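Accompanying notes for the structure given below.
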Amino acid sequence: MRRTMVAGNWKMHGTRASVAELIDGLRGLVLPNDVDVAVFPPQLFIDRVIKGLQGAPISVGAQDAAVESGQGALTGEISSSQLVDAGCKLVLVGHSERRLILGEQDETLNRKFAAAQASGLTPVLCIGETLEQREAGQTLEVVERQLNAVIDEFGIDAFVNAVIAYEPVWAIGTGLTASPQQAQDVHAAIRAQLAQKNSEVAQGVRLLYGGSVKAANAVELFSMPDIDGGLIGGASLNADEFGAIIRAAGN
Ligand code: PEP
């Protein structure tokens, strides 16, 4: 039985003051105990968020990690082992903003994915199509290709300790949400692709939906059989809204 997960990606948002307020808000939430909750603050605030959330049932992850797991000469980067040392449990890999704005390619993302697992972090692999790709009928092909980039290099067992987030690029931060059926169709295709290699891994891996999830649309999305929770951007910056989304994922 897969545990539902709701994770908040704070992206490049926050000041010391607003982060302190958000931590207070998160600490005040009454959370269902059948949902795993995580937040991904900007690296700058990870330490204070981990300290601020001590004792709360909320994991902290990073939005990115270096291609190398250990320490070394790599100016500006933070390695997955340093994130583990700080208390992180998860890391996003391949968010569409990094793929499309920063030009991260599969080869780099695979190194980050492997470094994360080598350090004991759980990678959350983000995949999804652009609007042009959807309109050209290429959605499943794109998602399959992004997933195969990992499977071809590391094998299906790479997903024993990983989470997949399906995030259609056209739905991220746009207010447009995939309909529950559109999202379910892609999630089912992802699970079927994994099942071709190993059905046990496919049944165990959590598939999160991301793209303008709010309290108002969360229940319908999370009720779909292959949607195991959500990766939430904008709405995760408001503790009350985030709390309502988490409760929508509980039973
Ligand atoms: C995201 O960035 O992962 C995301 C899903 O953003 P939003 O919820 O704001 O669309």
Side-chain angles (χ1 to χ4, degrees), residues 4-14 18-19 22 25-26 35-43 45-46 49 58-65 88 90-104 109 112-113 116 122-131 133-134 139 142-143 146-147 162-180 182-184 186-187 190 206-222 224 226-249:
T4 307
M5 174 183 262
V6 174
N9 173 14
W10 296 0
K11 311 195 190 197
M12 196 171 64
H13 291 292
S18 72
V19 166
L22 194 43
L26 291 171
V35 181
D36 288 339
V37 180
V39 291
F40 295 83
Q43 319 282 49
F45 299 124
I46 281 177
V49 174
I58 302 178
S59 301
V60 178
Q63 296 173 19
D64 184 39
C88 283
L90 304 130
V91 62
L92 300 182
V93 177
H95 190 280
S96 62
E97 287 151 14
R98 300 198 65 88
R99 289 181 191 263
L100 299 172
I101 302 172
L102 300 174
E104 289 193 352
L109 297 175
K112 292 184 174 192
F113 186 100
T122 298
V124 179
L125 180 73
C126 303
I127 57 178
E129 81 288 2
T130 63
L131 184 59
Q133 290 165 332
R134 174 162 282 264
T139 299
V142 169
V143 164
Q146 290 170 330
L147 213 48
V163 174
I164 296 171
Y166 167 59
E167 301 203 298
V169 177
W170 49 272
I172 294 181
T174 57
L176 297 172
T177 315
S179 69
Q182 278 176 322
Q184 165 60 23
V186 181
H187 282 230
I190 292 169
R206 289 185 285 189
L207 307 182
L208 311 185
Y209 168 77
S212 298
V213 177
K214 304 174 214 60
N217 57 25
V219 172
E220 268 195 292
L221 284 160
F222 297 163
M224 302 311 275
D226 287 294
I227 300 182
D228 305 313
L231 180 56
I232 321 298
S236 71
L237 295 169
N238 178 307
D240 290 336
E241 179 78 6
F242 189 53
I245 295 170
I246 296 165
R247 284 192 294 278

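No hydrogens, no waters, no symmetry mates; every other heavy atom, side chains included, goes into these values. Order of appearance sets the numbers: ligands from 1, and atoms from 1 within every ligand. Since this is a predicted model, take the numbers as computed values, not measurements.
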ask   = Okay, side chain of Thr177, backbone of Ser212: is any donor-acceptor separation there less than 3.5 Å?
value = yes

query = Are the side chain of Arg99 and the backbone N or O of Cys126 linked by a donor-acceptor pair below 3.5 Å?
reply = yes

remark   = Residue set satisfying side chain to side chain donor-acceptor pair (under 3.5 Å) with Thr174, at least two apart, ordered chain then number -> none

remark   = Heavy-atom contacts under 4.0 Å to ligand 1, chain-then-number order, include exactly Asn9, Lys11, His95, Glu167, Ala171, Ile172, Gly173, Gly210, Gly211, Ser212, Leu231, Ile232, Gly233, Gly234

note = Here the pair of heavy atoms bringing Leu22 nearest to Ser236 is CD1-O, 4.0 Å

remark   = Nearest heavy-atom approach of Tyr166 to Ala183 is CE2-CA, 4.4 Å

Result of checking Asp64, Ile172, Val124, Ile101 against His95 for side chain to side chain contact (heavy atoms under 4.5 Å, CB included) = Ile172

